[in-house]
Number of protein chains: 2
Amino acid sequence: MKEPKQDTELIIKEAARKVFQEKGFAATKTRDIAELADINLALLNYYFRSKKKLFDIIMVETLQSFFAGVITVLNNEETSLNDKVADFANHYMDLLTENQNMALFILHSVRENPVEYIARIGILDQAKESVFVRQFIEGVAQKEIPPLHPIHFMLNLMGLVVFPFIAEPMITAVSGMPKESYFEMIQERKRLIPMWVESMLSVK
Amino acid sequence: MKEPKQDTELIIKEAARKVFQEKGFAATKTRDIAELADINLALLNYYFRSKKKLFDIIMVETLQSFFAGVITVLNNEETSLNDKVADFANHYMDLLTENQNMALFILHSVRENPVEYIARIGILDQAKESVFVRQFIEGVAQKEIPPLHPIHFMLNLMGLVVFPFIAEPMITAVSGMPKESYFEMIQERKRLIPMWVESMLSVK
DNA sequence: AAGTGTTTTAATCAAATGTTTAACCAACGC
DNA sequence: GCGTTGGTTAAACATTTGATTAAAACACTT
């Protein structure tokens with residue numbers, strides 16, 4: 001059985017991403033990763049030195065792929081605030097539908113070492129000086145939108161978009177709704193959230 | 001050194017609650033709990049048999065104390081829909097401010113065994129036949145509110161209330177805002193969320 | 001004070017788990 | 001061929017960690 005000599009390092013990383021995102025750092029056993037990747041356990045240490053180092057790599061990559069979208073959407077000079085809301089909702093609903101464990105993984109893992117991880121992807125400045133924040137402040141100045149801290153706005157938007165994904169197991173369990181119906185239902189939110197946010201922004 | 005003979009079982013449970021809610025099941029070591037409770041490790045097994053049994057007790061109690069509030073608020077015959085939103089926001093902002101790890105703990109832990117835990121606290125029926133759902137459906141029938149699945153409404157409300165707490169470490173890290181300012185800021189949401197939700201419900 | 005059942009402790013056990021070691025193999029250059 | 005090199009493997013190691021045990025301390029009754 002001659003394997004086509006795939007890139008072992010990548011195979012391990014993909015397996016690690018899957019297991020870490022599903023179970024978190026502590027609940028993941030290096031043997032789980034090795035088994036999923038179908039490699040010998042020692043190879044994990046050969047390529048990545050330790051479980052923690054491997055985890056850090058996955059963590060940073062996950063954060064980057066998550067925040068890359070935020071940055072792109074929020075720094076678009078071409079779009080209005082309302083456009084950004086729609087773009088944000090569409091982008092993240094798709095990303096999280098593909099990657100159902102991503103949000104909870106990030107929120108759970110970042111809590112253990114927030115500053116270190118966030119600093120490592122260097123997002124702080126980009127967030128504060130984004131086109132979005134500028135537009136928001138302008139909107140407030142011109143009294144088009146109520147005088148709120150932009151963080152309220154981001155929390156609302158992220159809450160509306162992200163929360164349905166992290167709460168999925170609980171909501172489907174409590175409501176008895178099948179998972180497929182649930183995910184179909186929350187797809188409607190791509191259309192609904194921009195309308196909702198717009199109406200919230202008209203509250204003076 | 002004669003100790004005043006406190007209730008050891010309770011002391012252990014309180015320590016366990018704290019550690020479990022902070023770190024989750026897998027990352028918690030029984031020795032962490034024993035140390036925090038200042039008891040001999042063997043006592044933990046003497047009173048609770050095993051780590052898993054102790055965790056299940058904490059988990060069920062936490063879920064009960066969380067959902068008790070939902071049930072009370074949503075089943076109040078005396079209040080309108082808008083009142084329920086305000087009650088919900090007030091109650092949970094206070095609960096989560098006291099108990100900052102609670103929400104993420106529940107969402108993270110429920111995912112591993114949603115049906116079992118949720119079934120054990122018997123919430124399913126109470127949710128479906130709540131006064132809230134009845135009022136919501138009536139409102140839709142009378143075209144006072146747009147024809148939405150009530151779950152959308154609950155997701156919005158919970159997203160707006162709960163998300164700021166689970167995202168706190170990430171948001172404060174990304175924005176550089178001090179934790180105290182952040183928690184002050186989100187207290188404003190007790191006032192804002194009812195206004196926002198009301199305006200969302202006027203979107204036809 | 002002796003007796004009895006309960007609570008607590010120190011020590012130990014056994015399994016799980018992250019990591020390392022030493023041998024093996026296959027490809028490649030000389 | 002033969003040695004070198006990078007990748008891979010099985011086995012072992014060392015530590016962590018959940019759980020148990022046997023004895024001691026305690027509280028309470030008689």
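From a predicted model like this one, the values you see are computed outputs, not experimental measurements. Residue numbers start from 1 in every chain, and the chains themselves are labelled A, B, ... in the order their sequence lines are given, proteins ahead of strands.
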What's the verdict on ring pair (Phe, Tyr, Trp, His ring centres under 6.0 Å) for B:F25 and B:F55, showing C-alpha distance, side-chain angles and the deciding distance? CA-CA 7 Å; B:F25 178 78; B:F55 178 81; 5.0 Å; yes

To the nearest Å, give me how far apart [atom1] ([X]) and [atom2] ([N]) are.
X     : N      : atom1 : atom2 : result
A:L44 : D:dT8  : CG    : C1'   : 14 Å
B:F48 : D:dT20 : CZ    : P     : 15 Å
B:L10 : C:dT7  : CG    : C1'   : 16 Å
B:R49 : D:dA19 : CZ    : P     : 10 Å
A:N45 : C:dA22 : CG    : C1'   : 15 Å
B:Y47 : D:dT20 : OH    : P     : 17 Å
B:D32 : D:dT16 : CG    : P     : 13 Å
B:F20 : D:dG18 : CZ    : C1'   : 11 Å

Can you list, in residue-number order, the parts of residues 50-63 of chain A that come under 4.0 Å of DNA chain C, counting heavy atoms only? A:S50, A:K51

Give the minimum heavy-atom separation between A:I145 and A:F136, together with the two atoms involved. CD1-O, 3.5 Å

Could you tell me which non-hydrogen atom of A:K84 sits nearest to which non-hydrogen atom of A:L74, and how far apart they are? CE-O, 3.3 Å

Please report the C-alpha distance between A:F165 and A:Y92 in whole Å, then the side-chain angles of each, then the deciding distance to 0.1 Å, and finally whether the ring pair (Phe, Tyr, Trp, His ring centres under 6.0 Å) criterion is met. CA-CA 10 Å; A:F165 289 92; A:Y92 282 102; 10.0 Å; no

Answer yes or no: does atom [atom1] of [X] have more than 12 heavy-atom neighbours from other residues, nucleotides or ligands under 6.0 Å?
X      : atom1 : result
B:R49  : CZ    : no
B:E129 : CD    : no
B:E35  : CD    : no

When you check the phosphate oxygens OP1 and OP2 of C:dT8, does a side-chain N or O of B:T8 lie under 4.0 Å from one of them? yes

Answer yes if the ring centres of A:F105 and A:F20 are under 6.0 angstrom apart, and no otherwise. no

Donor-acceptor pairs under 3.5 Å, side chain of residues 177-184 of chain A to any protein atom, not counting sequence neighbours: which ones?
{"unit_1": "A:K179", "atom_1": "NZ", "unit_2": "A:E168", "atom_2": "OE2", "d": "2.5"}
{"unit_1": "A:Y182", "atom_1": "OH", "unit_2": "A:P164", "atom_2": "O", "d": "2.8"}

For nucleotides 9-13 of chain D, which of its nitrogen or oxygen atoms have a protein nitrogen or oxygen under 3.5 Å away, and what is each distance?
{"unit_1": "D:dT9", "atom_1": "OP2", "unit_2": "A:N40", "atom_2": "N", "d": "3.3"}
{"unit_1": "D:dA10", "atom_1": "OP2", "unit_2": "A:N40", "atom_2": "ND2", "d": "3.3"}
{"unit_1": "D:dA10", "atom_1": "N7", "unit_2": "A:N40", "atom_2": "ND2", "d": "3.3"}

